[in-house]
Trainee: 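Got a structure here, written out as structure tokens. Questions coming.
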Amino acid sequence: MNRSARAFWLRSPGHGELRDLTLAEPGEDEVVVRALYSGVSRGTETLVFRGGVPESQHAAMRAPFQEGDFPGPVKYGYLSVGEVEEGPAELIGRTVFCLYPHQSRYSVPVNAVTVVPEHVPAGRAVLAGTVETAVNALWDAAPLIGDRIAVVGGGMVGCSVAALLARFPGVRLQLVDADPARAKTAEALGVDFATPDRALGDCDLVVHASATEAGLTRALQLLAPEGTVVELSWYGDRRVALPLGEAFHSRRLTVRSSQVGTVSPAARAGRDYADRMALALDLLADPALDALITGESAFEQLPDVMPKLASGEIPALCHRIRYAETGLT
């Protein structure tokens, strides 16, 4: 079997490269996966690329199959879809999702891969990790029928949350973003759009995912009395100031965090990481979520593409990396 591979490494902040390697013989409980696609999550991954992970969070920010350490050299990423080449007979030839960095071929334990449902295209399945974050956020947020809800921040995570909330009955929902171009994405997801100055207030729930101080401040302003902001943004090493004076206490507002590293305690008892990932993949049957994939490049181009994603020269939600002439299956 062919066990040669290439992997994308962050050599030092702002500088990436491809490295050749040869996989070891897989164990009995392992599979060898040939990558078809991977996704660049522009928020977290470009923060890593810039070297913005604070030292206090080096352990918490480790990806499941990360090699090396922050700020570099480090092999980082977590949105990979591929085909099983070696492993148990029932998995050979199956398309699977894995929280693995950008690498053309890799070996992982069997329990680290999740089979992609046949009704979900492989090219869309790279969104599974982000939709999983959205699932966990909504378990934390526990929206109710008829709630007035805003999602502030139309990035990859915010749009995923909005796409799932669009299925809730009876809610008043807006996606709020400072970039008017996000209106087209919102339309594709079936969600109303507003810029921050035109957003509807009196919200029972605001999910914040803009990773900006201004966005979090606006999220608080949009709340009705006793409303809640669920904070999904990751600020890295930046400090954030909030207006916790003024009417924050008299209106009895709540700011609570949500993070995908732990399954929400609000989830039904017995739900684990595998259940959450399987649900995320099943939800990706919705073709509207293709709107979150805003570009594609060949794997060989990744060292040149990543700096452009980090700087914003290539505007993106999820930028998809293609490993072969697979077509969109």
Side-chain angles (χ1 to χ4, degrees), residues 5-10 16 31 33-50 52-53 57-82 95-109 111-116 120 122-137 155-157 159-161 209 211 232-234 236 258-263 272-281 283-284 289 292-293 297 299 302 305-306 309-310 316-323:
R6 302 189 84 192
F8 176 76
W9 279 76
L10 175 63
V31 290
V33 179
R34 177 178 61 84
L36 300 174
Y37 301 99
S38 60
V40 179
S41 176
R42 186 172 178 269
T44 303
E45 286 198 60
T46 59
L47 184 97
V48 170
F49 188 77
R50 293 192 300 266
V53 179
Q57 295 299 302
H58 282 188
M61 279 289 292
R62 287 192 69 85
F65 294 98
Q66 175 180 323
E67 293 183 36
D69 297 297
F70 304 118
V74 63
K75 184 175 74 174
Y76 191 85
Y78 46 82
L79 302 174
S80 181
V81 176
T95 301
V96 295
F97 177 85
C98 186
L99 295 166
Y100 205 87
H102 306 283
Q103 186 166 308
S104 62
R105 182 178 277 108
Y106 49 89
S107 178
V108 293
N111 61 10
V113 301
T114 303
V115 174
V116 175
V120 175
R124 191 186 303 150
V126 295
L127 297 170
T130 307
V131 173
E132 182 189 22
T133 300
V135 167
N136 206 60
M156 192 173 170
V157 171
C159 284
S160 295
V161 171
L232 290 180
S233 299
W234 169 245
S258 178
Q259 208 274 339
V260 73
T262 302
V263 174
D272 58 17
Y273 293 100
D275 295 324
R276 191 175 65 183
M277 179 58 74
L279 174 59
L281 279 163
L283 290 168
L284 281 166
L289 288 161
L292 305 188
I293 299 171
S297 301
F299 175 57
L302 191 51
V305 166
M306 191 66 84
L309 290 170
L317 292 174
C318 177
H319 192 84
R320 186 167 56 201
I321 304 302
R322 182 184 67 253
Y323 289 79

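The basis for the numbers below is simple: all heavy atoms, side chains too, and nothing from hydrogens, waters or symmetry mates. Quick caveat: nothing in here was measured; it's all calculated off a predicted structure.
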Trainee: Answer yes if the side chains of Ser38 and Tyr323 hold a donor-acceptor pair under 3.5 Å, and no otherwise.
Mentor: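 Distance-only check passes for Ser38 and Tyr323.
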
Trainee: Rounded to the nearest 0.5 Å, how far apart are OG of Ser107 and OH of Tyr100?
Mentor: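 Output value for this atom pair is 8.0 Å.
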
Trainee: Rounded at 0.5 Å granularity, tell me how far CZ in Arg124 sits from CG in Leu289.
Mentor: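 Atom-to-atom, Arg124:CZ and Leu289:CG are 7.0 Å apart.
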
Trainee: Side chain of Tyr273, backbone of Gly261: donor and acceptor closer than 3.5 Å?
Mentor: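 The answer is yes, because a donor-acceptor pair under 3.5 Å joins these two groups.
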
Trainee: Quick check for you: to the nearest 0.5 Å, what is the distance between Arg320 atom CZ and Leu292 atom CG?
Mentor: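 With rounding to 0.5 Å, CZ (Arg320) is 11.5 Å from CG (Leu292).
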
Trainee: Does either side chain, that of His102 or that of Glu45, offer a donor lying less than 3.5 Å from an acceptor on the other one?
Mentor: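 Yes, because at least one side-chain N or O of His102 sits under 3.5 Å from a partner of the opposite role on Glu45.
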
Trainee: Show your reasoning for whether side-chain contact (heavy atoms from CB on, under 4.5 Å) applies to Arg322 and Tyr37.
Mentor: CA-CA 5 Å; Arg322 182 184 67 253; Tyr37 301 99; 4.2 Å; yes

Trainee: Is there a side-chain contact (heavy atoms from CB on, under 4.5 Å) between Thr95 and Val81? Walk through the geometry before answering.
Mentor: CA-CA 7 Å; Thr95 301; Val81 176; 3.6 Å; yes

Trainee: Do the side chain of Ser258 and the main chain of Leu232 share a donor and acceptor less than 3.5 angstrom apart?
Mentor: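 No, Ser258 side chain to Leu232 backbone: no donor-acceptor pair under 3.5 Å.
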
Trainee: Please check: side-chain N/O of Asn136 versus main-chain N/O of Thr133, any donor-acceptor pairing under 3.5 Å?
Mentor: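 Checked: no pair found.
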
Trainee: Which distance, rounded to the nearest 0.5 Å, do you find between the SG of Cys98 and the CZ of Phe65?
Mentor: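 With rounding to 0.5 Å, SG (Cys98) is 5.0 Å from CZ (Phe65).
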
Trainee: When you measure from the side chain of Arg276 to the backbone of Val135, do you find a donor-acceptor pair of N or O atoms at a distance under 3.5 Å?
Mentor: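 It does not hold such a pair.
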
Trainee: Indicate the atoms forming the closest heavy-atom contact of Pro101 with Ser80, along with that distance.
Mentor: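 Scanning both residues completely, I find the closest heavy atoms to be O-CB, 4.4 Å.
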
